[in-house]
Amino acid sequence: MTRQHSYWQLFSAVFSKDVKLAFRQRAEIVNPILFFLIVISLFPLAIGPEPGLLARMAPGIIWVAALLSTMLGLDKLFRDDYNDGSLEQLIASSYPLSLSVLGKVAAHWVVTGLPLVLMTPLFALLLNLESQSLLATVLTLLLGTPLLSFIGAIGAGLTVGLQKGGILMSLLVLPLYIPVLIFATSAIDTSSMSLDYSGQLAILGAMLVIAIISAPIAISSALKVSVS
Amino acid sequence: MQFDSFSDFIAMGGYGFYVWLSFGTCALILLCILLNSLRDTKRIMASVEQQIIREERIKKAKQEQTS
Amino acid sequence: MWKWLHPYAKAERAYQLCNTLLPYFAVVTVITMIVGWVWGLGFAPADYQQKDSYRIIFIHVPSAILSMGAYSSMAIAAIVALVWQLRNAELAVIAIAPVGACITAIALITGAAWGKPMWGAWWVWDARLTSELILLFLYLGVLSLYHAFEDKKSAGRAASILAIVGVINLPIIHYSVEWWNTLHQGATITKLDTKAIDPSMFWPLMVNILAFAAFVGTVTLIRLKNEILQREKHRPWVRALLNKG
């Protein structure tokens with residue numbers, strides 16, 4: 001079967017379709033962001049509004065909230081397509097599934113991760129984050145949220161065919177998120193001490209590159225298992 | 001033998017609680033997984049037996065129907 | 001070169017292999033376990049600093065080593081299952097998982113019970129304990145995923161994928177936690193570095209490691225047999241087994 005379209009055309013077709021669909025249901029985009037804001041607001045209510053304490057805990061709070069809200073949005077990554085059969089079509093097509101998966105995960109990031117990155121100044125304000133840490137926070141979220149999308153997509157792919165896949169997916173994916181959490185929060189902490197944090201960023205970047213290359217393969221196998 | 005008496009052995013130089021807690025839970029967990037696995041074998045073989053009995057019964061019922 | 005392995009892709013041959021190996025594993029387990037525990041509890045000399053509480057090492061270290069060994073074996077079985085499409089390998093993955101989880105739990109509990117007299121706290125976020133806890137989560141993840149599927153074929157394949165993803169992440173998680181720990185805890189000295197261990201403690205430790213390894217092997221063989229029986233329930237050779245035993 002000769003292919004009429006290039007890889008780039010396939011990627012952008014899947015990507016733009018997902019982004020368009022997401023924007024049609026504004027709630028899907030807004031809900032994770034609202035969740036993120038609410039979770040961040042819960043912490044001062046729980047541990048007290050003392051600025052010093054909040055500033056110390058801010059990187060951790062932001063990142064745990066990022067993990068949780070990413071996971072909220074992951075369930076929908078493949079479920080709609082699974083339910084209406086388009087996932088099977090993607091798998092059965094002659095184009096590589098990894099490419100379609102790459103498009104879907106990229107769309108997911110644009111819709112859930114990118115807004116978080118853009119709203120970082122707001123979070124910094126709420127949690128009294130040190131000003132020199134703001135850039136570090138933005139950079140770690142910029143590198144880290146795509147990573148969360150990729151790793152989470154593996155869990156989403158494995159559980160898309162299951163009835164109560166949501167909570168199970170969280171259990172599977174959270175241990176895998178731990179290195180991202182460690183390096184990201186460490187980078188922000190280091191920046192608050194005005195030290196160089198490029199090492200942590202480099203590791204995050206390396207993990208992201210490895211994820212871009214290898215995660216689509218794992219996600220494709222997982223989807224093929226789920227749809228069979 | 002490193003200990004002078006049995007009560008010394010139990011006491012473990014004052015750390016008896018922790019040592020016996022560790023060895024005790026270890027033994028308990030190992031025993032549990034072993035017994036669980038053996039019980040599974042029995043359960044599976046029992047269900048195979050049940051299936052055979054069921055099939056014989058169905059076969060007999062069919063024969064009585066036709067005869 | 002691997003032709004001699006080919007017959008074992010068949011369920012019946014694999015079952016027979018398990019049966020053949022089982023007595024040896026069981027005997028080795030019983031002997032080494034008894035010798036190891038008696039030696040470690042009663043005959044190995046007390047540690048200079050930790051006195052008799054260090055004896056927990058004789059079950060903590062073997063269980064920690066085996067928890068990682070079992071996960072690696074599970075991952076190898078998973079790779080074999082996915083690359084060569086072998087059902088028996090998938091069954092091996094799910095046979096090892098519960099045993100590995102139990103061993104990891106033992107490592108955590110004995111670690112905590114050792115930590116209380118030594119460091120004064122039941123739980124510390126020490127690098128190794130934290131990595132071990134995450135390893136337990138990975139095991140439980142594989143098990144939960146397998147049991148969430150109704151179709152056991154898909155379940156086996158999904159569990160294999162997760163096991164492989166987990167094993168790739170395991171070194172990353174381990175090193176990142178170690179790095180995180182040195183950052184946050186300063187000098188947490190882990191005593192009894194095995195390189196500097198006295199022979200009178202080294203040998204009982206080795207025997208116990210062998211004992212735990214043999215135990216994991218024995219129970220895995222039993223569970224693998226169970227999985228094979230469960231899958232092949234309707235085959236005549238399984239029914240023949242009933243008549244024999």
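Keep in mind it's a predicted model, so treat the numbers as computed, not measured. Lettering of chains follows the sequences in order, A, B, ..., and the numbering in each one begins at 1.
Put simply, the side chain of B:Asp40 reaches to within 4.5 Å of the side chain of C:Arg223, judged on heavy atoms. In this structure, the side chains of B:Ile29 and C:Ile109 come closer than 4.5 Å at one or more pairs of heavy atoms. Using a 4.5 Å cut-off on side-chain heavy atoms (C-beta onward), B:Leu34 and C:Ile222 make contact. The closest side-chain heavy-atom distance from C:Phe58 to B:Val19 is not below 4.5 Å. Taking 4.5 Å as the limit, every side-chain heavy atom of B:Ile44 sits out of range of all side-chain heavy atoms of C:Val238.
Using a 4.5 Å cut-off between heavy atoms, B:Leu30 contacts chain C through both its backbone and its side chain. Interface residue B:Ala27: backbone and side-chain heavy atoms are both found under 4.5 Å from chain C. The contact between B:Ile33 and chain C is made by backbone and side chain atoms together, counting heavy-atom distances below 4.5 Å. Both the backbone and the side chain of C:Leu229 come within less than 4.5 Å of a heavy atom of chain B.
Applying the 6.0 Å contact sphere to NZ of C:Lys233 captures more than 12 heavy atoms from other residues, nucleotides or ligands. Atom CH2 of B:Trp20 sits in a crowded spot, with more than 12 heavy atoms from other residues, nucleotides or ligands closer than 6.0 Å.
Ring planes of B:Tyr18 and C:Trp122: tilted class, angle from 30 to 60°.
Of all the heavy atoms in C:Thr110 and B:Ser22, the pair that sits closest is CG2-CB, 3.7 Å.
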